Each structure stands twice: as structure tokens, then as C-alpha cells.
Undergrad: 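This structure is in C-alpha cells; I'll ask about it shortly.
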Amino acid sequence: MKAAGNTVYEILTNLPPNRVEPFNKLHDIIVKNLPEGFEAAISYGGLGYVVPHSVYPAGYHCKPAEPLPFAGIASQKNSFNFYHMGLYSDPKLLDWFVSEYPRHSKQKLDMGKSCVRFKKPDDIPYQLIGELMRKMSAKEWITIYENNLKK
């Protein structure tokens with residue numbers, strides 16, 4: 001589902017009333033813990049956390065006009081979704097997240113390759129997501145990204 005808005009502010013405010021507070025809290029936790037070199041932006045029609053062109057001029061190889069995506073959040077019909085490309089591309093980071101998750105949530109982990117889904121706002125492990133965001137620098141993400149492109 002495409003986000004309702006063309007700016008970060010519009011996406012954060014154009015949500016169903018029962019989703020505004022948890023979605024904004026998730027955004028705030030992510031931004032508060034984003035390492036230098038990342039920024040909140042519109043990424044593929046949604047709210048993303050990217051390496052901007054000022055840091056990585058090449059942009060995303062599939063669409064160079066877009067900044068390099070790293071993470072994102074979305075308010076879907078039946079869930080809050082959190083996307084983190086580091087989980088998809090770094091097995092050690094994924095192992096850490098999977099092992100830490102039960103300490104932060106009573107809910108079973110509902111996860112795809114880079115997407116973690118939360119059915120209810122109370123299921124969102126805000127502290128764990130904050131810790132996860134601090135675990136990879138923009139420089140580390142660029143290196144992993146470029147190494148995977150060469151394969």
C-alpha cells in the first residue's frame with residue numbers, strides 16, 4: 001500500500017487516527033538512533049531512511065535518481081511493517097536481531113527477508129528497533145551494498 005503523502009510530514013500525519021501515535025513513535029525512535037550519514041526521506045513512495053546522494057552520489061543501482069535505501073516503515077492494512085536491509089544482507093545482524101527479539105516482545109517474530117510485521121501497536125519493540133538502527137553505519141551499509149552488487 002502506497003503511503004498517503006509526498007513528504008515525510010504528510011506521511012506521518014495522514015494516517016488513520018489509531019495509527020498516528022505508534023507510527024510516529026516508531027519514526028521518532030528510528031530517527032533518534034540513525035547513525036550519521038542516513039536521513040529520513042521519501043523512498044519508493046513510502047517513508048524511508050536512506051543514504052542521501054550527498055553521501056552516496058551513485059544512488060540506488062535500480063533507480064539512480066533515488067537515494068540508497070536502508071530502512072523503512074509502512075502502515076499496511078493489517079500491520080505496521082518495518083524494513084531493514086541490514087537484516088537481509090548481514091547474517092550476523094540477523095542472528096543478533098532474532099535472538100534479541102524474544103527479550104523485547106511476547107509475540108512470535110513475523111518476518112520476511114527484510115520485513116518485520118507487527119499486528120498491533122503494543123507488539124512493536126521500540127527499544128530493540130532503536131538498538132538495531134545503531135548497529136550499522138552508513139559507511140558499513142555502503143560497503144555491504146557495493147560488495148553484493150559485485151557478486
Side-chain angles (χ1 to χ4, degrees), residues 1-17 19-77 79-98 100-101 104-105 109-118 121 123-151:
M1 174 179 355
K2 185 173 170 30
N6 295 314
T7 67
V8 171
Y9 176 78
E10 287 176 358
I11 290 173
L12 292 171
T13 56
N14 291 328
L15 294 161
R19 289 180 170 242
V20 170
E21 184 181 337
F23 195 82
N24 278 268
K25 182 176 179 180
L26 182 56
H27 168 72
D28 291 344
I29 288 288
I30 291 169
V31 169
K32 179 180 176 186
N33 290 283
L34 268 179
E36 186 177 330
F38 293 110
E39 66 181 32
I42 301 301
S43 182
Y44 281 86
L47 181 50
Y49 307 92
V50 303
V51 181
H53 286 103
S54 61
V55 175
Y56 189 70
Y60 187 41
H61 74 280
C62 295
K63 194 173 180 184
E66 292 275 340
L68 180 61
F70 176 62
I73 56 176
S75 176
Q76 300 293 344
K77 181 178 179 182
S79 62
F80 294 88
N81 292 1
F82 169 67
Y83 305 89
H84 192 285
M85 292 305 295
L87 294 175
Y88 176 73
S89 59
D90 183 348
K92 289 179 186 174
L93 188 61
L94 174 62
D95 289 346
W96 171 83
F97 183 80
V98 170
E100 283 294 311
Y101 187 85
H104 296 266
S105 179
L109 180 59
D110 181 3
M111 184 174 178
K113 290 187 178 189
S114 71
C115 176
V116 184
R117 293 171 288 277
F118 307 104
D123 296 344
I124 302 171
Y126 297 102
Q127 181 184 350
L128 178 62
I129 290 171
E131 288 178 44
L132 174 63
M133 296 310 296
R134 292 190 303 268
K135 290 213 171 266
M136 186 175 288
S137 70
K139 183 177 180 181
E140 289 168 322
W141 171 233
I142 291 167
T143 299
I144 289 170
Y145 170 75
E146 287 180 342
N147 287 340
N148 283 324
L149 269 181
K150 292 174 186 173
K151 289 182 181 177

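Count residues from 1 along the sequence. Note that the structure is predicted; figures quoted are calculated from it, not measured.
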Undergrad: Mind checking what makes ring-ring contact (aromatic ring centres under 6.0 Å, His included) contact with Y49, not counting sequence neighbours?
TA: H27
Undergrad: In Å and rounded to the nearest 0.5 Å, what is the OG to CG distance from S75 to L26?
TA: 10.5 Å
Undergrad: Would you check if R117 and Q76 make a side-chain contact, meaning some heavy-atom pair closer than 4.5 Å?
TA: no
Undergrad: Can you name the residues that form a side-chain hydrogen bond (donor to acceptor under 3.5 Å, both in side chains) with D28, not counting sequence neighbours?
TA: none
Undergrad: Hey, is CD on E10 packed in by over 12 heavy atoms from elsewhere, all under 6.0 Å?
TA: yes
Undergrad: Which atom pair, heavy atoms only, marks the closest approach of F80 to P22?
TA: CZ-CG, 3.8 Å
Undergrad: For a quick test of reading the model, state the closest non-hydrogen atom pair linking S43 to P69 and the distance between them.
TA: OG-CB, 4.0 Å
Undergrad: Please round to the nearest 0.5 Å and tell me the distance separating atom CG of D123 and atom CG of L109.
TA: 11.5 Å
Undergrad: Could you pull out all residues at least two apart from Y60 that satisfy side-chain hydrogen bond (donor to acceptor under 3.5 Å, both in side chains)?
TA: none
Undergrad: Show the nearest heavy-atom pair for residues P35 and M133, with the distance to one decimal.
TA: CD-O, 3.2 Å
Undergrad: Would you indicate whether the side-chain heavy atoms of L68 and V55 approach each other to under 4.5 Å?
TA: no
Undergrad: Check whether H61 reaches the backbone of E146 with its side chain - one donor and one acceptor, N or O, closer than 3.5 Å.
TA: no
Undergrad: I'd like to know if the side chain of S105 and the backbone of Y101 have a donor-acceptor N/O pair within less than 3.5 Å.
TA: no
Undergrad: Which heavy atom of A40 sits nearest a heavy atom of L34, and at what distance?
TA: N-CD1, 4.4 Å
Undergrad: Does any part of the side chain of V20, heavy atoms only, come nearer than 4.5 Å to the side chain of T13, both counted from C-beta?
TA: no
Undergrad: Over all heavy atoms of both residues, which pair between E140 and K135 is shortest? Give the atoms and the distance, please.
TA: OE1-O, 3.9 Å
Undergrad: Test side chain to side chain contact (heavy atoms under 4.5 Å, CB included) on F82 and I30 and set out the steps.
TA: CA-CA 10 Å; F82 169 67; I30 291 169; 3.8 Å; yes
Undergrad: Please determine whether side chain to side chain contact (heavy atoms under 4.5 Å, CB included) holds for the pair M136 and I144, giving the CA-CA distance in whole Å, both sets of side-chain angles, and the decisive distance to 0.1 Å.
TA: CA-CA 10 Å; M136 186 175 288; I144 289 170; 3.5 Å; yes
Undergrad: Which atom pair, heavy atoms only, marks the closest approach of P52 to P67?
TA: CA-CB, 4.0 Å
Undergrad: After noting the C-alpha distance and the side-chain angles of F118 and D110, does the key distance pass the side chain to side chain contact (heavy atoms under 4.5 Å, CB included) rule?
TA: CA-CA 7 Å; F118 307 104; D110 181 3; over 6 Å; no
Undergrad: How long is the gap from CG on N24 to CD1 on I29, to the nearest 0.5 Å?
TA: 12.0 Å
Undergrad: Hey, can you pull the donor-acceptor pairs under 3.5 Å for the side chains in residues 83-98, sequence neighbours left out?
TA:
{"residue": "Y83", "atom": "OH", "partner": "N81", "partner atom": "ND2", "Å": "3.2"}
{"residue": "H84", "atom": "ND1", "partner": "G86", "partner atom": "N", "Å": "3.1"}
{"residue": "H84", "atom": "ND1", "partner": "L87", "partner atom": "N", "Å": "3.3"}
{"residue": "S89", "atom": "OG", "partner": "M85", "partner atom": "O", "Å": "2.9"}
{"residue": "D90", "atom": "OD1", "partner": "K92", "partner atom": "N", "Å": "3.1"}
{"residue": "D90", "atom": "OD1", "partner": "L93", "partner atom": "N", "Å": "3.4"}

Undergrad: Give me the ring orientation class for F38 and F70: parallel if the planes are under 30° apart, tilted from 30 to 60°, perpendicular past 60°.
TA: parallel
Undergrad: May I ask you to decide if L132's main-chain N or O and N33's side chain share a donor-acceptor pair within less than 3.5 Å?
TA: no
Undergrad: Please, which pairs that meet salt bridge (charged side-chain N to carboxylate O under 4.0 Å, His left out) have at least one residue in residues 57-66, sequence neighbours excluded?
TA: K63-E66
Undergrad: Could you measure the distance from the NZ atom of K25 to the NZ atom of K32? Nearest 0.5 Å is fine.
TA: 11.0 Å
Undergrad: Excluding sequence neighbours, so at least two apart, what forms salt bridge (charged side-chain N to carboxylate O under 4.0 Å, His left out) with E100?
TA: R103
Undergrad: Output yes when a side-chain donor or acceptor of W141 lies under 3.5 Å from a complementary backbone atom of V50, and no otherwise.
TA: no
